[in-house]
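Worksheet for the structure shown next.
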Amino acid sequence: MEHKTSEFSLNHTLTSGQFFRFQKVDNWYYCQERDKCFKVCQQGNKLFFEGTDKAHITRLFGLSKQQEKAIETLAQDPTLLPLLKQYSGLRVMQRDPWETLVSFQCSIISNIPKIKKNVELLAQTFGKQVEFEGQRYAFPEPGEIDDLEKIKSCATGFRARYIHAANSMVTDSFFEKLKEEQYETAHGKLMEIPGVAEKVADCICLFSLGKTEAFPVDVWIERALRELYFNGKKVKHDEIREFAKKRWGKNAGYAQQFLYHWVRNR
DNA sequence: ATCCAGGAATTTT
DNA sequence: AAAATTCATGGA
């Protein structure tokens, strides 16, 4: 199967810290999301894929005209413009909310290679085997990550009890309802889950619930904004969140993704 | 060995 | 209300 794209970069999108279960083999990216195992490859403006359908690819990689338009409006920000050009084609993904929740619980004072290891081990330990050019693993469903000691054996450390608690608190329908809620409401309900505060809740909102105004603030975003917008001055995370809301509004999440990718790759 | 990593929860000032 | 401490693990 193939899909024509204008101004999309599979590489930038997959390597910008929004998604963790992929491995590059030659020109193909082998991906696992929830129960799906597939591979995808970009050649010019064409996207080739096997193992899933076009609707899934379009949703997962944010290949909507709407997102393209939203990112274009960010070009009015002269500070952001060079970043938009440098990382042209970077998109905000729309992932499975449950897997996104667990992934970002794992992210707490961690790093991307370790998060990848955590989610892969969780899939191997609790998920079903899937055959796709070899044996791979689906991500376990809500309710299936139910053994605290086994969660710890996935190198999750002190985060294990957060994941264990979340496993018995949420269902797929819980997330479907959150998608219908206002950003502030969804964000607040997510923070009732152990291991979920402002930043993790914002990652879930942005990467899996379609809340484009969510602006996750971590140490990297803090560095980026301090340098680009605050003249090197120290700023509190709350202050950064307010700044982002005022400056970019509903499109703050898109701005965040470019800022994060820029500050990590310059 | 020492330090830090896409923070959150708890305790102490 | 704000600041300090604790929380496991792995890689540099």
Length of the CD1-P vector between Ile112(A) and dA12(C), whole Å: 14 Å
Would you classify Pro216(A) as touching base, sugar-phosphate or nothing, given that sugar-phosphate means primed atoms plus P, OP1 and OP2, and contacts are heavy atoms under 4.0 Å? base
Among dG6(B), dG10(C), dC7(C), find the nucleotide with the atom closest to the side chain of Asn111(A). dG6(B)
Ile115(A) CD1 to dA8(B) P, in whole Å, measures 12 Å
As a test of reading the structure: which of dG7(B), dT9(C), dG6(B) is closest to the side chain of Phe104(A), going by heavy atoms? dG6(B)
Decide if the gap between the ring center of His56(A) and the ring center of Phe38(A) is smaller than 6.0 angstrom. yes
What is the distance, rounded to the nearest whole Å, between atom CE of Met191(A) and atom C1' of dG7(B)? 13 Å
Round to the nearest Å and state the distance from Lys234(A) atom NZ to dA3(C) atom P. 11 Å
For DNA chain B, determine which residues of residues 244-266 of chain A have any heavy atom closer than 4.0 angstrom to one of its atoms, and list them numerically. Gln256(A), Tyr260(A), Arg264(A)
Roughly how many Å is it from NZ in Lys199(A) to P in dA5(B), rounded to a whole number? 13 Å
Between atom CD in Glu222(A) and atom P in dG6(B), what is the gap in whole Å? 13 Å
Distance, rounded to the nearest Å, where Phe215(A) contributes CZ and dG6(B) contributes C1': 13 Å
Please determine if Glu176(A) and Lys179(A) form a salt bridge, counting it only when a charged side-chain N lies under 4.0 Å from a carboxylate O. yes
Aromatic contact, Phe22(A) with Tyr30(A) (centres under 6.0 Å): no
Can we call the ring centroids of Phe20(A) and Phe104(A) under 6.0 Å apart? yes
For residues 193-203 of chain A, which side-chain N or O atoms pair as donor and acceptor with protein atoms under 3.5 Å away, sequence neighbours left out?
residue: Asp202(A); atom: OD1; partner: Tyr183(A); partner atom: OH; Å: 2.5
residue: Asp202(A); atom: OD1; partner: His187(A); partner atom: NE2; Å: 3.3

Whether Glu33(A) and Arg21(A) form a salt bridge (side-chain N of Lys/Arg under 4.0 Å from carboxylate O of Asp/Glu) is what I want to check. no
For Gly17(A), report the nucleic acid contact type (base, sugar-phosphate, nothing); a contact means any heavy atom under 4.0 Å. base
As a test of reading the structure: which of dT9(C), dG6(B), dC7(C) is closest to the side chain of Asp218(A), going by heavy atoms? dG6(B)
Checking all strands, does Phe207(A) fall into the base, sugar-phosphate, or nothing category for heavy-atom contacts under 4.0 angstrom? base
Hey, what's the ring geometry for Trp248(A) with Tyr229(A), parallel, tilted or perpendicular (30° and 60° as the breaks)? perpendicular
Quick test of your reading of the model: are Lys189(A) and Glu181(A) salt-bridged, counting only N-O distances below 4.0 Å? yes
The nucleotide from dG6(B), dA8(C), dG10(C) with an atom nearest the side chain of Ala155(A) is dG10(C)
Using atom C1' in both nucleotides, what's the gap between dG10(C) and dA9(B) to the nearest angstrom? 23 Å
Which is true for Ser153(A) with a 4.0 Å heavy-atom rule: it touches a base, it touches only sugar-phosphate, or it touches nothing? nothing
Integer-rounded Å distance: dG7(B) C1' and Ile240(A) CD1: 14 Å
Which nucleotide in the set dG6(B), dC7(C), dG10(C) lies at the smallest distance from any side-chain heavy atom of Ser107(A)? dG6(B)
Would you indicate what Ile221(A) reaches in the nucleic acid, counting non-hydrogen atoms under 4.0 angstrom: base, sugar-phosphate, or nothing? base
Are Phe243(A) and Phe230(A), when compared by the centres of their aromatic rings, separated by less than 6.0 Å? yes
Would you classify Val217(A) as touching base, sugar-phosphate or nothing, given that sugar-phosphate means primed atoms plus P, OP1 and OP2, and contacts are heavy atoms under 4.0 Å? nothing
Both Tyr162(A) and Arg223(A) contact DNA chain B. Taking the nearest nucleotide for each, which residue is further toward the 5' end? Arg223(A)
Across the strands shown, which category fits Arg161(A) at heavy-atom distances under 4.0 angstrom: base, sugar-phosphate, nothing? nothing
Out of dA8(B), dC7(C), dG6(B), which nucleotide sits closest to the side chain of Trp220(A)? dG6(B)
For atom P, what is the distance between dA3(C) and dG6(B), given to the nearest Å? 24 Å
